[in-house]
Peer 1: 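Questions regarding the structure given below will be posed in turn.
Letters go in sequence order (proteins before strands), and every chain restarts at 1.
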Amino acid sequence: MLDMKRLRDDLDNIVERLNKRGEDHGHLRDIVTKDTRRRELLQEIESLKAKRNEISKNIGIKKREGKDVAALLEEVEKDKQRIADMEDELKGIEQEIKDTMLGIPNVPHEDIPLGKDDTENVELRKVGRIPDFSFEPKPHWDVARNLDILDFERAAKISASRFVIYKGMGARLERALINFMMDLHAEEHGYREVLLPYIVNEAAMTATGQFPKFKDDAFKLTDERGLYLNPTAEVPGINMHRDEILAAADLPINYVAFTTAFRQEIGSAGRDTRGIIRQHQFNKVELIKFTTPETSYDELEKMLRHSEKVLQKLDLPYRVVEICSGDLGFAMAKTYDIEVYVPSYGGYREIGSISNAEDFQARRGGIRFRRDKNAKPEYAHTLNGSGLAVGRTVVAILENNQQEDGSVVVPEALRPYIGTDIIK
RNA sequence: GGAGGAGUACCCAAGUGGCUUAAGGGACUCGCCUCGAAAGCGAGCAGGCCGGAAACGGUGCAGGGGUUCGAAUCCCCUCUCCUCCGCCA
C-alpha cells in the first residue's frame with residue numbers, strides 16, 4: 001500500500017514511476033480527490049461530536065443535580081441525523097479509497113532498468129562453467145525415468161496433473177537439498193530457522209500483496225473461514241510480525257523457512273508441462289528479512305549473496321538478472337532473479353527471486369518498529385528471497401551433472417547429506 | 001465434536017449506564033538520597049491510530065454491529081486463549 005500523504009504531495013512523480021510498470025495509473029488522481037472529501041467529512045464529524053460530547057456531559061451533571069434536561073436533549077437531537085449521514089458517506093468513501101489503494105502496485109525503485117517485460121531484464125553476471133557434454137544430454141524427466149526417481153503417472157492417479165512423486169534417491173536428493181540449504185542459511189548466514197503454517201488466511205494474503213489482485217492464483221480451501229494453501233513462505237513469514245511494533249535493536253530480523261508452496265498456475269496452462277519445472281506443489285527454502293528503511297538495500301545485496309552461495313556450493317552454473325520495471329512483481333520495489341543453467345532448455349531458468357518490498361507490505365500489514373522508547377513507530381522494510389527453489393535445483397543437478405551412462409554425479413557439498421557421490 | 005471460563009494500556013488488575021479525563025500496583029524513565037548501588041522517597045507514564053502547521057479535536061477497554069443524549073458497562077455476531085470430556089498423529 002502506498003502512503004496517502006506521499007500520494008497527495010507527489011502525485012505526478014508517483015504516477016509517472018508507476019507507469020513504468022506498463023499500465024496507466026492516472027486514476028490515482030481520483031483517489032486524491034476522494035481523500036480531500038474524506039478529510040472534510042472527518043473534520044465536520046469531529047467538531048459535531050465534540051459538541052455532542054460536551055452536551056452529554058452537561059446532561060449527566062444536571063441530572064445528578066435534579067435539574068430539567070429537556071432543552072439539552074432537544075439540542076443534541078438536532079445533529080444526530082447529520083452525524084449519522086456524514087458517517088455513512090465517510091464509511092463509503094473510505095471503503096472506495098481502500099479498495100483502490102489495495103490494487104495499486106508498489107512504486108519501482110528509481111534505479112531499476114526500464115523495460116516492458118522479462119525480455120528486457122538486465123543480466124548482471126554469469127557465474128560457473130556451463131557443462132560441455134561429449135554426448136547428447138537428456139532432459140531431466142528422461143534422466144529421472146531411467147533412474148526411476150520421479151513418477152508423474154502415479155502422482156496424477158492419486159492427485160492430478162502437475163503433481164509428482166519422488167522415489168528412492170530422487171526423494172533422498174530433494175530431502176538432502178532441503179537440509180543442505182537450511183543448514184547453510186541457519187548456521188553460516190545467521191538466519192533463524194522457522195517452520196511455518198502451510199495454511200494462511202485472507203488478511204495474511206492481503207498484507208503481502210497476493211490479494212486482492214491475484215486471488216485466482218491461490219488454492220482456496222472450502223472451509224468457511226476463508227483459508228488458502230501457502231503460495232510461498234513469504235506469506236506466513238512476513239505475516240509473523242503483522243500488527244506488531246518491533247524494537248529497532250532487534251532489526252534486522254532474519255528468518256529462513258522451509259515450506260511447501262502451492263500454486264494454481266492457471267495462467268501457465270500450456271507451459272512447462274513436462275518435468276518438474278512447474279508444479280502445483282513444490283518445496284522451497286525462503287529467506288525473510290525485516291529491516292530499517294536505511295539498511296534495506298544493503299540487506300538486499302546480502303540476501304542475494306546468500307542465495308547465490310547455494311548454487312556456488314553446489315557448483316551449478318547460473319546468472320543474476322535485475323528485473324526491469326515491466327516484469328517487477330506487484331509488491332516489490334526491486335528484484336533480482338537468480339537463473340540456473342538448464343541444458344534441456346538451452347539457457348537459464350529462474351530458480352530464485354530476491355526482492356525488497358520497502359514499506360509496501362509493512363503498510364498493508366501494520367509492521368512497524370520504534371527507534372527508541374519514546375520515538376514514534378515507523379514502517380519497517382520487508383524483504384524476501386529464495387534460498388532456493390528445491391525442485392528446480394533437482395532439475396539443475398540432474399541435467400548438468402548427468403553422465404553418458406545415465407547416472408548423476410552428486411555435488412560434493414551435498415554428499416554428506418545424501419550419503420553417496422553418484423545416483424545410478 | 002460436547003461443556004464451561006476468560007479477553008481492560010508493557011505486565012497484573014479495579015471498574016454493572018453519566019463524579020472515569022479508565023482506579024490501584026508492578027515494570028519503565030527522570031530526580032532526591034548514596035562513594036556507588038540496592039532499598040526508600042518524589043515526579044512522569046493512552047502508548048497506538050485518524051484529522052490538524054499548531055493549539056487542539058476525534059478515536060480507543062479482543063474485533064464487528066446495535067440500543068442510548070451518553071456504553072469498558074446493556075443486546076447481537078465473530079475471533080482468540082484457558083479448563084474438562086470425547087476423538088486423534
Peer 1: Hey, what do you get for CZ (A:Arg363) to CZ (A:Arg368), rounding to the nearest 0.5 Å?
Peer 2: 10.5 Å
Peer 1: Can you check the A:Leu48 CG to B:G57 P distance for me, whole Å?
Peer 2: 16 Å
Peer 1: What integer number of Å spans the C1' atoms of B:A54 and B:G17?
Peer 2: 36 Å
Peer 1: Distance between the C1' atoms of B:C11 and B:C49, in whole angstroms?
Peer 2: 22 Å
Peer 1: For the residue pair A:His189 and A:His185, does the interplanar ring angle fall in the parallel (under 30°), tilted (30 to 60°) or perpendicular (over 60°) class?
Peer 2: tilted
Peer 1: So, A:Glu40 and A:Arg37, do they make that salt bridge, N to O below 4.0 Å?
Peer 2: yes
Peer 1: Closest nucleotide of RNA chain B for A:Asp35 versus for A:Ile61: which of these residues is on the 5' side?
Peer 2: A:Ile61
Peer 1: Sticking with atom C1', work out how far B:C69 lies from B:U78, rounded to a whole angstrom.
Peer 2: 29 Å
Peer 1: Expressed as a whole number of Å, how far does the P atom of B:U59 sit from that of B:C19?
Peer 2: 15 Å
Peer 1: For the backbone of A:His280 and the side chain of A:Arg263, can you confirm whether one donor and one acceptor N or O come within less than 3.5 Å of each other?
Peer 2: no
Peer 1: Tell me whether A:Ser407 contacts the main-chain N or O of A:Gln403 through its side chain, where contact means a donor paired with an acceptor under 3.5 Å.
Peer 2: no
Peer 1: Between B:C79 and B:G63, how far is it from one P atom to the other, in whole Å?
Peer 2: 15 Å
Peer 1: With rounding to the closest Å, how many angstrom separate the P atoms on B:G42 and B:G24?
Peer 2: 14 Å
Peer 1: Work out how far the P atom of B:A14 is from that of B:A71, and round it to whole angstrom.
Peer 2: 24 Å
Peer 1: Which residue is it: A:Asn121, A:Ile112, A:Val122? I am looking for the one with a side chain to side chain contact (heavy atoms under 4.5 Å, CB included) to A:Ile323.
Peer 2: A:Asn121
Peer 1: For RNA chain B, which consecutive runs of 3 or more Watson-Crick or G-U pairs (each distance under 3.5 Å) count as stems?
Peer 2: B:1-7 with B:79-85, B:10-12 with B:24-26, B:28-32 with B:40-44, B:48-51 with B:56-59, B:62-66 with B:74-78
Peer 1: For RNA chain B, whose closest nucleotide is more 5', that of A:Arg39 or that of A:Lys49?
Peer 2: A:Arg39
Peer 1: Could you give the distance separating B:A38 and B:C33 at their C1' atoms, to the nearest angstrom?
Peer 2: 12 Å
Peer 1: Using whole Å, what does the distance between atom C1' of nucleotide B:C49 and atom CZ of A:Arg370 come to?
Peer 2: 12 Å
Peer 1: Apply the test salt bridge (Lys or Arg N to Asp or Glu O under 4.0 Å) to residues A:Arg370 and A:Glu378: give CA-CA distance (whole Å), side-chain angles for both, the deciding distance (0.1 Å), then the verdict.
Peer 2: CA-CA 6 Å; A:Arg370 223 191 283 273; A:Glu378 299 170 49; over 6 Å; no
Peer 1: Taking only the side-chain heavy atoms of A:Asn53 (C-beta and beyond), determine which of B:C69, B:U59, B:G57 contains the nearest atom.
Peer 2: B:U59
